[in-house]
Amino acid sequence: MKASKFHLFTTRETPAEAEIVSHQLMLRCGMIRKLTSGIYTWGPLGLRVLRKVEEIVRDELNKAGYQEMLMPAVQPAELWQETGRWKKFGGQLLKIQDRAGRDYCFGPTHEEVMTDFVRNEIRSYKQLPITFYQIQTKFRDEIRPRFGVMRAREFLMKDAYSFHSDHQCMDKTYWEMYDVYTRIFTRTGLHFRSVEADSGAIGGNKSHEFHVLAESGEDQIAFSDQSDYASNTEMTAVAAPRGERAAPTEELRTIDTPDTHTIDELVNGYGVPIEKTIKTLVVHAADDNEADFVALLVRGDRTLNPLKAEKLEQVASPLLFASDKDIHDSIGAGPGSLGPVGLSLPVVADQEVALMSDFTAGANSDDQHYFGINWDRDVESPLTADLRTAVEGDNSPDGKGVLQMARGIEVGHIFQLGTAYSESMNAVVLGEDGKSHVMHMGCYGIGVSRIVAAAIEQNNDESGICWPEPIAPFQLALLPMNAKKSHRVREAAENLYVELIDAGVDVFYDDRNLRPGVMFNDMELIGIPHRLVIGERGLDSGMLEYRQRKDTENSEIPLDGAVDAILHKLGMN
RNA sequence: CGGGGUGUAGCGCAGCCUGGUAGCGCAACUGCUUUGGGAGCAGUGGGUCGGGAGUUCGAAUCUCUCCACCCCGACCA
């Protein structure tokens with residue numbers, strides 16, 4: 001590609017709207033332009049990268065024997081009403097009407113359309129298992145789109161769906177897909193990690209996420225320093241603490257604690273060690289519970305894990321905290337003065353809380369706390385559960401090693417859906433036994449456009465983007481110095497350009513006649529991994545200058561045999 | 001949806017408080033010079049001051065209203 005024929009529009013100034021580095025750089029080098037909130041146009045440069053990612057994904061899926069298809073972006077309401085998601089999906093579902101007033105949505109995902117397709121196409125267990133996928137523009141009306149293409153409303157996603165006659169077969173494909181994903185992300189050249197995950201709104205049982213590791217990642221992931229264990233911290237199990245509860249050494253006493261409503265105030269004002277305090281959180285109870293509310297106890301320095309809490313049978317799902325008024329009405333004290341002793345609500349304590357002794361908690365009376373509380377002696381031992389969020393240094397739940405934390409950007413997610421959709425949509429096959437069987441399903445997503453942004457988050461420096469080679473928009477930048485004045489330079493560059501193209505190199509030839517500094521800065525900004533400079537200086541000695549994007553020093557390549565040398569650098573021969 | 005903020009040239013901003021007919025830098029265009037790390041000089045074009053209503057002789061500036069966008073919280077590839 002010649003620069004003179006390529007729409008490259010870079011800016012020195014950072015657009016004010018861009019918060020994170022990938023968004024800033026994508027705008028600065030013209031990869032994307034915003035049309036409206038959360039909706040972006042991909043320019044020629046951006047599309048090149050998007051296509052490279054897409055091709056890696058497509059190639060690995062094809063190799064694995066999965067079949068590509070393309071489903072409609074616009075989907076009729078009836079399908080979504082069949083699974084109940086027309087209502088359940090919530091505000092993220094963009095609903096539209098045609099001229100006759102019929103309801104449609106712009107597809108945020110394609111389980112319904114896919115399941116409909118398969119129930120009409122597949123009749124016999126002999127046709128299973130089968131896996132289809134597509135690469136499609138999706139629309140989710142995010143409450144708050146942000147970070148450019150990272151969390152856009154319209155985005156490009158690869159979604160795959162597998163169908164099986166039984167759970168075991170689904171499980172097998174699930175793990176195959178896990179391996180395919182591992183190959184895909186390995187091939188992108190990005191640092192990534194797979195983690196156990198919550199299956200969330202899409203439903204189902206087993207689930208893994210694939211994260212690109214980057215400081216700016218929105219998710220926190222936990223992994224063991226001594227085993228393969230890794231999970232999203234939103235669901236990381238905390239191993240049951242070992243050891244016995246210490247015997248009481250203190251008397252229970254009531255202390256006046258005016259204006260003390262937080263753990264910090266308690267610790268700072270009364271010298272209580274924070275590990276000897278308990279936080280009491282009041283949440284709405286599940287519908288079939290006798291009480292309206294449930295009290296959850298965690299140690300003062302711990303954070304309640306909402307996902308764990310809402311999975312408790314006693315607790316309403318989704319999790320809803322009681323209002324100050326609810327708490328006053330049912331307990332007679334404010335939220336800053338609660339504790340297990342004398343509490344009229346059902347209590348569930350985090351497992352480590354049950355091992356505490358001589359601890360401090362609110363007295364369920366404003367401006368008073370109990371000190372020296374001990375289980376059994378002062379209050380009945382509570383029901384326990386794993387309630388807190390895991391932190392760095394916790395024992396790994398698999399019993400091997402200690403947890404470490406990292407930040408990640410979720411770029412892939414695989415689920416075992418089971419029969420959640422096939423049952424409500426009556427997707428059945430005839431089995432060996434001549435009877436109908438509901439198909440088992442798996443579903444597997446990759447955020448293609450998000451990968452582009454994540455790649456930049458992980459690979460950039462002061463000068464711009466440093467693309468991993470497999471997804472770079474071009475492999476090589478060819479920069480002639482002052483070609484307008486120098487015949488030799490121009491001629492050598494033109495010849496080399498043609499030879500490189502013939503050799504199959506994706507080369508960006510900067511024939512724009514700009515000052516060298518401008519070219520260098522542009523090439524570094526858009527992150528082309530390899531750079532070749534042709535100038536009078538080098539030609540005198542028959543040399544070209546070569547540099548990799550991440551290097552700071554040039555090396556020399558003889559003009560004679562330069563193409564072979566470059567192919568070698570690019571790993572193409 | 002709640003809380004905060006911003007809308008003035010393609011981009012980044014000043015002007016608004018204290019009303020008087022719109023400006024700076026970058027980018028773009030023309031010419032000349034320059035050419036190994038975002039050049040210099042001279043010149044040129046480009047604005048419904050987010051929209052509407054109001055106050056006023058006069059509104060970018062004051063008032064009301066609507067809209068868009070951005071940031072902080074709960075969702076997700």
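Proteins get letters first, then strands, A, B, ... in listed order; numbering begins at 1 in each. Just so it is clear, the values below take in all heavy atoms, side chains as well, and ignore hydrogens, waters and symmetry mates.
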Is A/F520 stacked on the base of B/G38, meaning ring centres closer than 5.5 Å and planes within 30 degrees of each other?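 Stack criterion not met.
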Quantified in whole Å, what is the [atom1] atom distance between nucleotide [N] and nucleotide [M]?
{"N": "B/C24", "M": "B/U44", "atom1": "P", "value": "12 Å"}
{"N": "B/A59", "M": "B/G19", "atom1": "C1'", "value": "6 Å"}
{"N": "B/G23", "M": "B/A9", "atom1": "C1'", "value": "11 Å"}
{"N": "B/G54", "M": "B/U61", "atom1": "C1'", "value": "15 Å"}
{"N": "B/U30", "M": "B/A22", "atom1": "P", "value": "28 Å"}

When we call it a touch if two heavy atoms are under 4.0 Å apart, what does [X] touch: a base, just sugar-phosphate, or nothing?
{"X": "A/M481", "answer": "base"}
{"X": "A/E410", "answer": "sugar-phosphate"}
{"X": "A/R28", "answer": "base"}
{"X": "A/G90", "answer": "nothing"}
{"X": "A/A152", "answer": "base"}
{"X": "A/E209", "answer": "nothing"}
{"X": "A/D522", "answer": "base"}
{"X": "A/R531", "answer": "base"}
{"X": "A/G535", "answer": "base"}
{"X": "A/R547", "answer": "base"}

Between [N] ([atom2]) and [X] ([atom1]): distance, integer Å:
{"X": "A/E142", "N": "B/A77", "atom1": "CD", "atom2": "P", "value": "10 Å"}
{"X": "A/K485", "N": "B/A39", "atom1": "NZ", "atom2": "C1'", "value": "13 Å"}
{"X": "A/L304", "N": "B/A74", "atom1": "CG", "atom2": "P", "value": "14 Å"}
{"X": "A/I414", "N": "B/C76", "atom1": "CD1", "atom2": "C1'", "value": "17 Å"}
{"X": "A/M177", "N": "B/A77", "atom1": "CE", "atom2": "P", "value": "15 Å"}
{"X": "A/M519", "N": "B/A39", "atom1": "CE", "atom2": "C1'", "value": "14 Å"}
{"X": "A/E545", "N": "B/G37", "atom1": "CD", "atom2": "C1'", "value": "12 Å"}
{"X": "A/R153", "N": "B/A68", "atom1": "CZ", "atom2": "C1'", "value": "12 Å"}

I want to verify a distance call: between [options], whose nearest atom is closest to the [X] side chain?
{"X": "A/I143", "options": "B/A77, B/C1, B/C11", "result": "B/C1"}
{"X": "A/V533", "options": "B/C76, B/G36, B/G38", "result": "B/G36"}
{"X": "A/V518", "options": "B/A77, B/C75, B/G38", "result": "B/G38"}
{"X": "A/R515", "options": "B/A39, B/A77, B/G36", "result": "B/A39"}
{"X": "A/N554", "options": "B/G36, B/G12, B/C75", "result": "B/G36"}

Side chain of A/E536, base of B/G36: donor and acceptor closer than 3.5 Å?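 No such pair is found, so the answer is no.
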Please determine whether any donor N or O and acceptor N or O are separated by less than 3.5 Å between the side chain of A/N482 and the base of B/G36.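 Side chain to base: no pair below 3.5 Å.
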Just checking, is any N or O donor in the side chain of A/Y178 or A/S194 under 3.5 Å from an acceptor N or O on the other one?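 Yes, because at least one side-chain N or O of A/Y178 sits under 3.5 Å from a partner of the opposite role on A/S194.
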Geometric class of the A/F89/A/W80 ring pair [parallel <30°, tilted 30-60°, perpendicular >60°]: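 Aromatic pair A/W80/A/F89 classed perpendicular.
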Mind telling me whether A/F508 and A/F6 have parallel, tilted or perpendicular rings, with 30° and 60° as the class edges?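 A/F6 vs A/F508 ring planes: perpendicular.
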For A/F520, does the six-membered ring have the charged nitrogen or CZ of A/R531 within the cation-pi criterion, i.e. under 6.0 angstrom from the centroid and within 45° of the normal?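 Yes, A/R531 sits over the ring of A/F520.
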Would the A/H284 and A/F293 ring centres measure less than 6.0 Å apart?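 Yes, they do, as the ring centres are separated by less than 6.0 Å.
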Is the A/Y181 to A/F210 ring centre distance short of 6.0 Å?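 Yes, they do, as the ring centres are separated by less than 6.0 Å.
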Under 4.0 Å between a side-chain N/O of [X] and OP1 or OP2 of [N], yes or no?
{"X": "A/S37", "N": "B/C70", "value": "yes"}
{"X": "A/R144", "N": "B/A74", "value": "no"}
{"X": "A/R146", "N": "B/C70", "value": "no"}
{"X": "A/K34", "N": "B/C70", "value": "yes"}
{"X": "A/T36", "N": "B/C69", "value": "yes"}
{"X": "A/R12", "N": "B/A27", "value": "yes"}

With a cut-off of 6.0 Å (strictly less than), are more than 12 heavy atoms of other residues, nucleotides or ligands near NZ of A/K87?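 It does not: A/K87 NZ has 12 such atoms or fewer within range.
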As a quick check of understanding, evaluate ring pair (Phe, Tyr, Trp, His ring centres under 6.0 Å) for A/H440 and A/F163, giving each step before the final call. CA-CA 6 Å; A/H440 287 248; A/F163 294 83; over 10 Å; no
Reading nucleotides 41-46 of chain B from the 5' end, what letters show protein touch, with B for base, S for backbone sugar-phosphate only, - for no heavy atom under 4.0 Å? ------
Counter-base of B/A60, judged by Watson-Crick or G-U geometry with both distances under 3.5 Å: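 Checking every strand shown, B/A60 finds no partner, since no pair has both distances under 3.5 Å.
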Quick one: on RNA chain B, does A/L525 or A/R151 contact a more 5' nucleotide (nearest heavy atom)?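 Between the two, 5'-proximity favours A/L525.
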On RNA chain B, check which nucleotide each of A/M157 and A/P516 is closest to and give me the residue with the more 5' one.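 The 5'-side residue here is A/P516.
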